[in-house]
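For reference, the structure I am asking about is given below.
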Amino acid sequence: MILFTTVYSLVFINIFRPFNSETWIHNINSINYMMYSSLMVLIGMVVVSLSRVIMNLVVKKVQLTYPDYVIWLVSDAFIVSIFYTFIAYKVGFIDNFLQDNPETTTWEAIYSIFWKSTANTVWMLLIPYTISLLFLDNQHLKNRIKELGEKGSDNNIVHFKDEKGEVRLSINIENVLYTEAANNYVIVKYINNDRIVDFLLRTNLKKLTDDMRDTPIQRCHRSFMINLLHVTSLKKDLTDFIIQFDTTSIKDITVSKTYQDAIMEAFMKYHK
């Protein structure tokens with residue numbers, strides 16, 4: 001987050017030059033402005049980095065709430081602004097301000113520079129902080145979903161992942177009926193509020209077969225996977241097994257020869 005904020009701030013202050021900051025030093029050219037502004041940003045990021053180190057030490061002893069975290073971020077902006085004001089005093093920003101505004105006292109000049117620095121700092125930190133926090137929160141949610149996926153077999157929840165490995169559907173395994181291949185997608189048939197509904201998942205049966213290896217959802221055909229928990233019987237005709245489900249609203253599905261032995265073994269396993 002600090003690295004992203006640093007890059008963003010360097011770009012922001014050098015392109016937009018907020019609050020006419022290029023006039024704070026008289027007769028400054030673009031190269032010198034870039035050097036000064038970059039130095040200011042890097043000093044600010046050092047302060048923020050130290051703040052994060054202190055925060056890490058604090059949270060080991062005290063749990064921070066969201067309001068506490070917001071107050072901490074606001075404090076970062078004020079502390080950075082104090083540093084900027086001090087630097088402005090040392091390099092002559094305050095003197096230039098007094099020359100341009102002769103009726104202003106030194107403390108009024110310091111106060112004005114401080115609030116300009118605060119506004120500048122808030123603008124530099126607000127957008128990258130927001131983007132970074134949203135990104136990190138999204139990563140946290142992905143990790144949490146991944147953890148739930150790994151624990152799915154323990155709580156009877158099965159997770160259907162797309163071709164990128166991201167969970168798109170989490171459902172009680174007893175509600176899944178079967179899946180059917182459809183070009184580059186797989187149609188998941190499941191029960192929701194006593195109705196059979198479809199969920200379109202961008203993946204293929206080969207990958208889904210690997211994902212469901214240790215579940216009752218097994219491959220029985222090049223185009224189908226079935227949930228053996230809903231299979232009541234395997235009826236054999238002249239050459240193939242026909243799967244019959246515990247609900248009459250589902251069409252019979254054929255077990256191809258390639259999968260007959262595996263389906264028979266799995267059927268016996270889940271219907272002991």
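In what follows, every heavy atom counts, from backbone to side chain, and hydrogens, waters and symmetry copies are set aside.
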Counting only heavy atoms not in Asn138, do more than 12 fall under 6.0 Å of its CG?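 Result for CG/Asn138: enclosed.
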
Do other residues, nucleotides or ligands put more than 12 heavy atoms under 6.0 Å from Phe86 CZ?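 No, CZ of Phe86 has 12 or fewer neighbouring heavy atoms, counting only those of other groups under 6.0 Å.
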
Could you tell me if Arg168 sits above the aromatic ring of Phe160, with its cationic atom closer than 6.0 Å to the ring centre and no more than 45 degrees from the axis?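 Ring-cation test returns no.
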
May I ask you to test the Asn204-Asn184 pair for a side-chain heavy-atom distance under 4.5 Å?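 A side-chain contact is absent here, since even the closest heavy-atom pair is not under 4.5 Å.
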
Atom CG of Asn227 and atom OH of Tyr270: how far apart are they, to the nearest 0.5 Å?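 These two atoms lie 9.0 Å from each other.
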
Do Met55 and Ile71 land in one hydrophobic cluster if side-chain heavy atoms of ILVMFWY residues count as linked below 4.5 Å?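 Each belongs to a different hydrophobic cluster.
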
For the CG atom on Leu57, are there more than 12 heavy atoms of other groups (residues, nucleotides or ligands in this structure) within a distance under 6.0 Å?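 Counting other residues, nucleotides and ligands, CG of Leu57 exceeds 12 neighbours.
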
What closest approach, in Å, do Val158 and Val176 show between heavy atoms, and which atom pair accounts for it?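 For Val158 versus Val176, the nearest heavy atoms are CG1-CG2, 4.0 Å.
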
Let me confirm one number: the CE-CG distance from Met225 to Asp211, rounded to the nearest 0.5 Å.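 If we round to the nearest 0.5 Å, Met225:CE and Asp211:CG are 8.5 Å apart.
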
Between atom CD1 of Ile171 and atom CZ of Phe199, what is the distance when rounded to the nearest 0.5 Å?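 Going from the CD1 atom of Ile171 to the CZ atom of Phe199 covers 10.0 Å.
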
Look only at the side chain of Asn172 and the backbone of Glu174, and say whether a donor-acceptor pair between them is shorter than 3.5 Å.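 Yes.
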
Can you find a heavy atom in the side chain of Gln218 that is under 4.5 Å from one in the side chain of Met212?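 Side-chain contact under 4.5 Å: no.
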
Can you check whether Leu205's main-chain N or O pairs, donor with acceptor, with Thr209's side chain at less than 3.5 Å?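 Answer holds: yes.
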
With hydrophobic residues grouped by side-chain heavy-atom distances under 4.5 Å, do Val74 and Ile79 end up in a single group?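 Each belongs to a different hydrophobic cluster.
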
Minimal non-hydrogen separation, Lys161 against Gly165, with atom names: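 Closest approach of Lys161 to Gly165, heavy atoms only: CD-O, 3.7 Å.
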
Same apolar cluster (I L V M F W Y, side chains within < 4.5 Å links), Leu10/Ile131: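 Yes, it is one cluster - the side chains of Leu10 and Ile131 are joined through contacts under 4.5 Å.
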
His230 and Thr247: CA distance, side-chain angles, deciding distance, side-chain contact (heavy atoms from CB on, under 4.5 Å) verdict: CA-CA 8 Å; His230 287 282; Thr247 174; 5.9 Å; no

Does a donor on one side chain sit under 3.5 Å from an acceptor on the other, for His159 and Ser170?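 Per modelled atom types, His159 and Ser170 side chains form a pair under 3.5 Å.
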
Can you say whether the rings of Trp115 and Phe78 are parallel (under 30°), tilted (30 to 60°) or perpendicular (over 60°)?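 Trp115 and Phe78: perpendicular rings.
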
Where the side chain of Thr232 meets the backbone of Gln244, is there a donor-acceptor pair that is under 3.5 Å apart?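 Yes.
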
Least distance between heavy atoms, Ser81 atom then Phe114 atom: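 Scanning both residues completely, I find the closest heavy atoms to be CB-CE1, 3.8 Å.
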
Any side-chain heavy-atom pair of Met264 and Val255 under 4.5 Å: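 The answer is no; the side chains never approach within 4.5 Å.
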
Closest approach of Ile2 to Met45 (non-hydrogen atoms, all atoms of both residues):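 Closest pair (atom of Ile2, atom of Met45, distance): O-SD, 4.1 Å.
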
Do Leu201 and Leu169 have side-chain heavy atoms sitting under 4.5 Å apart?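 The answer is no, as the side chains (C-beta and beyond) never meet within the 4.5 Å cut-off.
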
Below 4.5 Å, heavy atoms only, C-beta onward: do Thr65 and Asp68 meet side chain to side chain?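 In short, these two side chains touch, coming nearer than 4.5 Å.
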
What's the shortest heavy-atom distance between Leu177 and Phe245, and which atoms?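 Result for this residue pair: O-CE2, 3.9 Å.
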
Looking only at heavy atoms, which two atoms of Ser51 and Trp72 are closest? And how far apart?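 Reported closest heavy-atom pair: OG-NE1, 2.6 Å.
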
To the nearest 0.5 Å, what is the distance between CD1 (Ile196) and CD1 (Ile250)?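 So the CD1 of Ile196 and the CD1 of Ile250 are separated by 4.5 Å.
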
Atom pair CZ/OG of Arg222 and Ser256 - distance to nearest 0.5 Å: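 Reported to 0.5 Å precision, the distance equals 9.0 Å.
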
Flag side-chain contact, heavy atom, 4.5 Å: Thr6 against Leu42: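 Of all side-chain heavy-atom pairs linking Leu42 with Thr6, at least one is under 4.5 Å.
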
Under the side chain to side chain donor-acceptor pair (under 3.5 Å) definition, can you give me all pairs with a residue in residues 192-201, not counting sequence neighbours?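 Matches after skipping sequence neighbours: Lys189-Asp198.
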
Answer yes if Val41 and Leu39 sit in the same cluster of Ile, Leu, Val, Met, Phe, Trp and Tyr residues linked by side chain heavy atoms under 4.5 Å apart, and no otherwise.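 They do share one cluster, since a chain of ILVMFWY contacts under 4.5 Å joins Val41 to Leu39.
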
Residue pair Val186, Thr203: steps toward the side-chain contact (heavy atoms from CB on, under 4.5 Å) verdict: CA-CA 6 Å; Val186 170; Thr203 187; 3.9 Å; yes

Looking only at atom types and distance, does a side-chain atom of Ser112 sit under 3.5 Å from a main-chain N or O of Glu108, one as donor and one as acceptor?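 Not a single qualifying donor-acceptor pair exists.
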
Under 3.5 Å, is there a donor-acceptor pair between the side chain of Asn101 and the main chain of Thr104?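 No: the side chain of Asn101 does not pair with the backbone of Thr104.
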
Please walk me through it: do Val231 and Leu234 pass side-chain contact (heavy atoms from CB on, under 4.5 Å)? CA-CA 8 Å; Val231 175; Leu234 297 174; 4.2 Å; yes

Of all residues at least two apart in sequence or in a different chain, which pass the ring pair (Phe, Tyr, Trp, His ring centres under 6.0 Å) check with Phe241?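 With sequence neighbours excluded, Phe241 shows a ring pair (Phe, Tyr, Trp, His ring centres under 6.0 Å) to no residue whatsoever.
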
Check this for me: Tyr8, atom OH, are more than 12 non-hydrogen atoms of other residues, nucleotides or ligands nearer than 6.0 Å?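 Count over threshold, so yes.
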
Any side-chain to backbone donor/acceptor pair from His271 onto Leu229? Under 3.5 Å, distance only.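 No; zero donor-acceptor contacts below 3.5 Å.
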
Are Val47 and Phe4 joined in one hydrophobic group, where the rule is that I, L, V, M, F, W and Y side chains link up if heavy atoms are under 4.5 Å apart?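 In one cluster with Val47: Phe4, yes.
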
Indicate yes or no: at least one non-hydrogen side-chain atom of Ile187 is less than 4.5 angstrom from one of Leu200.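 They are in contact (side-chain heavy atoms under 4.5 Å apart), so the answer is yes.
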
Lys207 and Asp210 ion-paired at < 4.0 Å: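 Looking at Asp210 together with Lys207, the answer is no, because their closest N to O distance does not fall below 4.0 Å.
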
If you count every heavy atom of other residues, nucleotides or ligands that lies below 6.0 Å from Phe135 atom CZ, does the total exceed 12?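 No, not enclosed.
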
Would the number of heavy atoms belonging to other residues, nucleotides or ligands and lying under 6.0 Å from CD of Gln63 be above 12?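 It does not: Gln63 CD has 12 such atoms or fewer within range.
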
Decide if atom CG of Asp137 counts as having more than 12 heavy atoms of other residues, nucleotides or ligands within a radius under 6.0 Å.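 Check passes, neighbour count above 12.
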
Spacing of CZ belonging to Arg219 relative to CD1 belonging to Ile226, to within rounding of 0.5 Å: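 One finds 12.0 Å between CZ of Arg219 and CD1 of Ile226.
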
Could you go through the side-chain contact (heavy atoms from CB on, under 4.5 Å) check for Ile110 and Ile113 one step at a time? CA-CA 5 Å; Ile110 292 174; Ile113 293 295; 5.9 Å; no

Got a salt bridge between Asp76 and Arg52, using NZ or NE/NH1/NH2 to carboxylate O under 4.0 Å?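 Salt bridge flag = yes for Arg52 with Asp76.
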
Using only atom types and a distance under 3.5 Å, with no angle test, would you say the side chain of Thr215 pairs donor to acceptor with the backbone of Ile217?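 Side chain of Thr215 to backbone of Ile217, a donor-acceptor pair under 3.5 Å: yes, one is there.
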
